[in-house]
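A quick write-up on the structure given underneath.
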Amino acid sequence: MDRYDPAEIEAKWQQVWKEEQSFVVVNPADAAAADRSRKSYVLEMLPYPSGTLHMGHVKNYTMGDVIARFRARNGFTVFHPMGYDAFGLPAENAAIKTGLRPAELTRINTDNINQQLHRLGVSIDWSRELATCDPGYYKWTQYFFLRLFERGLAYRKEASVNWCPSCATVLANEQVVQGSCERCGSTVEPRSLAQWFFRITEYAEQLLKDFELLESWPERVITMQRNWIGRSEGAEVIFRVADLEIDIPVFTTRPDTLFGATFFLLAPEHELVGTLVDGTEYENPVRDYVTSARLKPLVDRAVADRDKTGEFTGRYAINPVNGESIPIYVSDYVLMEYGTGAIMAVPAHDQRDFEFARKFGIDVRVVVSGEGAGAGDGPALDAAFEEEGLMVNSGRFDGMPNREAGSAITEWLSVEHLGRAAVSYRLRDWLVSRQRYWGAPIPVVYCEKCGVVPVPKSELPVLLPEVEDYAPRGKSPIATNEEFVNTTCPACGGAARRETDTMDTFVDSSWYFLRYTDPHNDEAAFDRDAAGYWMPVDQYIGGVEHAILHLMYARFFTKVLHDLGMIDFREPFKNLFTQGMIYYQGAKMSKSKGNVVNPDEHVERYGADTLRLYILFVGPPELDVEWQDQGIEGSFRFLGRVWRLVNEIVEKTGAAPAAADFRGAGDGAAALLRKTHQTIAKVSADIGERFRFNTAISAVMELVNETYLAKDSLLADEQGAAVMRFVAGSVVKLLDPFSPHICAELWQRLGHERLWQEPWPQADAAYLEEETYELVVQVNGKVRDRLRMPASAGREELLAAARASGRAARYTAGKQVVKEVIVPGRLVNLVVR
RNA sequence: GCCGAAGUGGCGGAACUGGCAGACGCGCCGGACUCAAAAUCCGGUGGGGCUCACCCCCCGUGUGGGUUCGAUUCCCACCUUCGGCACCA
């Protein structure tokens, strides 16, 4: 018997798969009419090509491959493409360091990853490979930008935005974590800049509602998105500024507390602040306050337990429900980006307002009174009362439950044209401009005469020009390329300047799954029927770190494309699986912590089959797991064990077929057959239904262990040998999705061809049933005996056997049996007193 | 502070619908093979007690309570760890 040599076997089969194009699928000739019931689109999040793949990728792509191979063997036409999220800052930063052009560097990295994926033996349709930095791809990213622009969904606006000083670019809200840049960790600064946004807020309601179209998504991902979108129901109420003919609307979720409003607040950025104070004695202090608030880092401003600050404007607002004049202040705890940037403040029922009122000596008026609440009056309160209760001090609404009163007040406001029911979202529009080089140029020009003019479709792509220096200077490096910048206006033919910002790379990855369906199309981003045939993605797999970012942007894009009439579905990913992270030495594997385990070294040392097997065996795929250096050794040993077992069977039984019917086989053979069918059933369910690859693998290990023990006696006779061949074939088939190379090889040695085209084994119910089982006999819930019983035994028989048990009798002697619990197939519990 | 996930041997982890806790793997211990070692094959391995000959008994799934004949599993309270959100009116 030759030794198990993974390097040789893996190269051999990878070559076969490449030559035969084993995993290439073609679009149906008439995609619109084709039967879609047996197609399955299995997709893993595309990698960002930063050098090489890490263990997280290996886990991601192995999981996807197990599902892809499993479905293919179960009769599905599996669509399993791959590409590269190739634009982005790291390539550019590395280019600045190494002097290589980002395009070159990216090419090197994608080639490298392509090779790594081949070496892992992932069953990918390589004919559809794409990179988002190819002009043939980003042409369509730019095209979508223009379609959004046409619809008013892409717009340019001057706003206070998040600026990362270290990346020297602006960031979307989603890319700011706790006031810091998601990528580099620097503290983000506010800056007022004119930037391009996508109007994702327009889709806030759809993004929430369409969760119901999803088949299976992790609940926590849905929750995270729901929280991020942050829908609040309430009312918009109009307050008039006394002495000035100005109306200021506010948004509140508590219209029931309107009678308790004792002051009014504007965000420092509110456009009316100047109007209120200009020319008054309050102008200077208020302007000073606004200036300092604007300079404050966003992190500092977002801290909840910070002392409340503010400035009185000298103006008063009139409360529409009771005509009272309440003072207007400016305070930085009011955010311009949320609601209307102005609020009515009800200190008795909002903790933040309460703190402000106490500091500034403003009245606190209770209008909702409930149990445990300071039913007492304002001065007695030591905290805001935010619970439910009955209305007081609220005119004709007194005595009503506050929830009811909220609706009644909103209704009344609406009749009087002083307000209306309203919904507000926490979600902000998606800021897509970036002042960096390595991205898709935003396809617009600025003309002195015509203003903002979109580049016509026929002139796409707007090619990313070469530049001398990629270093970020607060402006896109492209801005230095005069040849690029200076152009003519597509509308009037006059002189114009190109936009020099590039798009956020999350735009690129918001539609790549559609491009795979028709990757070489020059006429369109994709063919409608091809996309309609393959989409939506049946199983999407990736890291939970994209719960909000990529997954929400891709959902948004899909909805826009639906509304543009380009596709018929509104959700891109029907089922989502989020994998856990890999820990090592107690911490997340990361370059900065220096605790990375390099997959290449392990492929070299043990082979891809072992690495794939181990990474899924180490624990449940959705949980974070700990990488153990010695653990992988065990997986390698196991594959060696399988190798020797199957080879020995081949050597000793020759090419004799595995007999189909083993009825009448000896006891040992029958037991092993039963185990085999049980294993087939378990592995099928674990992969197909539960995604529990670790237990599927351990089930195969059990079968292999039992086979080793039965081996010598079974190989002694002909029928036993036939059983052994059947078992060997089953082991190889069951293990194939995890470790496809060794299985392909062993399958060939068993006298067959192309394991990856074999149908998945089916468990025969006739073998699953055990004839006897071990009945547990309990006394008062404690196990006292185990009896072998026929599977057919009835309740009476089980009870009689339990009562006859001598061991159990020791605990029932002299006592009275007050209850008998009989669970056929499991146990009998005698309850004694 | 709010929301979510998790807590089981020396370690990674099993236990599907409330029914034998610790599958499988790692590590460790012992045996076989070998001049020897590696590799391989076989066996043992939660803790404690015992007339420790493997009979047998007790304890044991983060902590404390509860429901139940029976709880790793369900309920309540708490502790710890990780993730998300956090002045969003």
Side-chain angles (χ1 to χ4, degrees), chain A residues 3 177-178 218-221 223-228 230-232 234 250-254 257 265 301-306 308 331-335 337-346 349-353 355-356 424-428 544-545 547-548 580-581 583 588 614 617-620 622-635 637-638 640-641 644 682 685-686 689-690 692 694-702 704-705 708-709 711-712 774-786 807 810 818-823 825-832:
Chain A
R3 277 192 47 191
V177 179
Q178 313 257 312
E219 206 44 57
R220 65 171 168 154
V221 173
T223 306
M224 280 165 78
Q225 289 203 5
R226 202 167 256 141
N227 292 342
W228 189 262
R231 181 183 200 275
S232 300
V250 302
F251 173 76
T252 178
T253 54
R254 294 292 305 275
T257 64
L265 292 172
R301 210 171 139 176
V303 172
D305 51 7
R306 208 175 98 239
K308 296 284 176 290
S331 176
D332 66 4
Y333 80 87
V334 180
L335 308 174
E337 301 82 33
Y338 185 77
T340 63
I343 64 165
M344 65 171 201
V346 185
H349 304 291
D350 182 289
Q351 187 58 28
R352 298 157 299 180
D353 299 347
E355 286 161 19
F356 190 94
S424 197
Y425 301 92
R426 208 194 74 111
L427 182 70
R428 307 284 147 80
V544 75
E545 65 273 18
I548 295 171
M581 283 179 298
Y583 279 64
K588 244 180 255 183
Y614 176 65
F617 178 67
V618 71
E622 72 277 16
L623 297 182
D624 296 342
V625 291
E626 176 87 20
W627 174 274
Q628 303 205 110
D629 288 313
Q630 280 157 327
I632 191 167
E633 195 86 38
S635 294
R637 279 209 287 261
F638 170 68
R641 233 164 119 74
R644 288 185 296 276
K682 176 157 177 62
D686 279 356
E689 292 153 35
R690 302 203 312 152
R692 295 300 280 246
N694 53 332
T695 53
I697 294 164
S698 73
V700 181
M701 287 174 169
E702 282 184 55
V704 169
N705 289 346
Y708 259 88
L709 295 180
K711 177 173 58 122
D712 292 342
E774 208 166 62
L775 177 78
V776 167
V777 180
Q778 295 182 332
V779 177
N780 285 356
K782 294 196 175 190
V783 181
R784 296 304 180 184
D785 201 3
R786 298 179 171 92
R807 285 166 186 265
R810 300 206 331 235
V818 294
K819 187 167 182 180
E820 294 137 349
V821 181
I822 304 161
V823 185
R826 289 196 190 275
L827 56 76
V828 171
N829 186 13
L830 302 172
V831 184
V832 300

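So that the names make sense, note that chain A is the first sequence line, chain B the second, and so on, each numbered from 1. Please read these numbers as outputs of a predicted model, since none were measured by experiment.
- A77(B) and G10(B) have their P atoms separated by 31 Å, with the value rounded to a whole Å.
- One P atom belongs to C59(B), the other to U8(B), and the distance between them is 22 Å to the nearest Å.
- The distance from atom CG of N780(A) to atom P of C69(B) is 11 Å, rounded to the nearest whole Å.
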Provide a list of protein-nucleic acid N or O atom pairs under 3.5 angstrom, restricted to nucleotides 15-21 of chain B.
unit_1 : atom_1 : unit_2  : atom_2 : d
A15(B) : OP1    : R690(A) : NH2    : 3.3
G19(B) : N2     : Q778(A) : OE1    : 3.2
C20(B) : O2     : R786(A) : NE     : 2.6
C20(B) : O2     : R786(A) : NH2    : 3.0

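- Contact between the side-chain N/O atoms of S635(A) and the OP1/OP2 oxygens of G25(B) is not found at any separation under 4.0 Å.
- With hydrogens and angles ignored, the 3.5 Å screen pairs a side-chain donor or acceptor of N780(A) with a backbone N or O of V832(A).
- R3(A) comes within 4.0 angstrom of no nucleic acid atom, judged by non-hydrogen atoms across all strands.
- By the salt bridge (Lys or Arg N to Asp or Glu O under 4.0 Å) test, R692(A) is found to be paired with E622(A), residues two or more places apart in sequence or in another chain being considered.
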(request) Determine which bases of RNA chain B form Watson-Crick or G-U wobble pairs with both distances under 3.5 Å, and write the result as a 5' to 3' dot-bracket string with | for other-strand partners. (result) (((((((..(((......[....)))((((((.......))))))((((......))))..(((((..]....))))))))))))....

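- Not counting sequence neighbours, E774(A) has no partner by the salt bridge (Lys or Arg N to Asp or Glu O under 4.0 Å) test.
- Within the 4.0 angstrom heavy-atom criterion, no nucleotide atom of any strand lies near D353(A).
- Taking only side-chain nitrogens and oxygens, R641(A) comes nearer than 4.0 Å to OP1 or OP2 of C42(B).
- In this structure, E633(A) has no salt bridge (Lys or Arg N to Asp or Glu O under 4.0 Å) partners at least two apart in sequence or on a different chain.
- Separation of the P atoms belonging to G84(B) and C76(B) is 27 Å when rounded to the nearest angstrom.
- Whole-Å rounding puts the I548(A) CD1 to G84(B) P distance at 9 Å.
- Across G13(B) and A23(B), the matching C1' atoms stand 10 Å from one another, rounded to whole Å.
- By the 6.0 Å contact criterion, CZ on R426(A) is enclosed, its count of non-hydrogen atoms from other residues, nucleotides or ligands being greater than 12.
- Taking atom C1' in both C29(B) and U68(B), the straight-line distance is 42 Å, to the nearest Å.
- Contacts of G339(A) with the nucleic acid, taken as non-hydrogen atoms under 4.0 Å apart, are absent.
- Ring geometry for W627(A) against Y614(A) counts as perpendicular: the plane angle is over 60°, on a 0 to 90° scale with 30° as the lower cut.
- Using a 4.0 Å heavy-atom cutoff across all strands shown, S424(A) reaches no nucleic acid atom at all.
- Here Y708(A) does not reach the OP1 or OP2 of C42(B): none of its side-chain N or O atoms lies under 4.0 Å away.
- Rounded to the nearest 0.5 angstrom, L335(A) CG and R428(A) CZ are separated by 6.5 Å.
- Closest to the side chain of V625(A), out of G13(B), C58(B), G4(B), is G13(B).
- Distance check on atom P: C11(B) versus G47(B) gives 12 Å, rounded to whole Å.
- Within 4.0 Å (heavy atoms only), R231(A) reaches no atom of the nucleic acid at all.
- Looking at heavy-atom distances under 4.0 Å, V346(A) makes no contact with the nucleic acid at all.
- The interatomic distance linking K819(A) (NZ) with C69(B) (P) rounds to 4 Å, in whole Å.
- For the salt bridge (Lys or Arg N to Asp or Glu O under 4.0 Å) test, residues two or more places apart in sequence or in another chain that qualify with D350(A) are R352(A).
- A14(B) atom C1' lies 10 Å from atom CD of E702(A), rounded to whole Å.
- At the heavy-atom level, L830(A) lies nowhere under 4.0 Å from the strands shown.
- Closest to the side chain of R637(A), from the set A89(B), C42(B), G27(B), is G27(B).
- Taking atom C1' in both G43(B) and C54(B), one finds a spacing of 13 Å when rounded to whole Å.
- Remark: R784(A) CZ to L830(A) CG distance equals 11.5 Å, nearest 0.5 Å.
- When the P atom is used for both G22(B) and G44(B), the distance is 14 Å, rounded to whole Å.
- When the nearest nucleotides of RNA chain B are assigned to V618(A) and L427(A) by heavy-atom distance, the more 5′-ward of the two goes with V618(A).
- A distance of 13.0 Å separates CD in Q225(A) from CZ in R220(A), rounded to the nearest 0.5 Å.
- Of the inter-residue distances, the one linking R641(A) atom CZ with N705(A) atom CG reads 4.5 Å to the nearest 0.5 angstrom.
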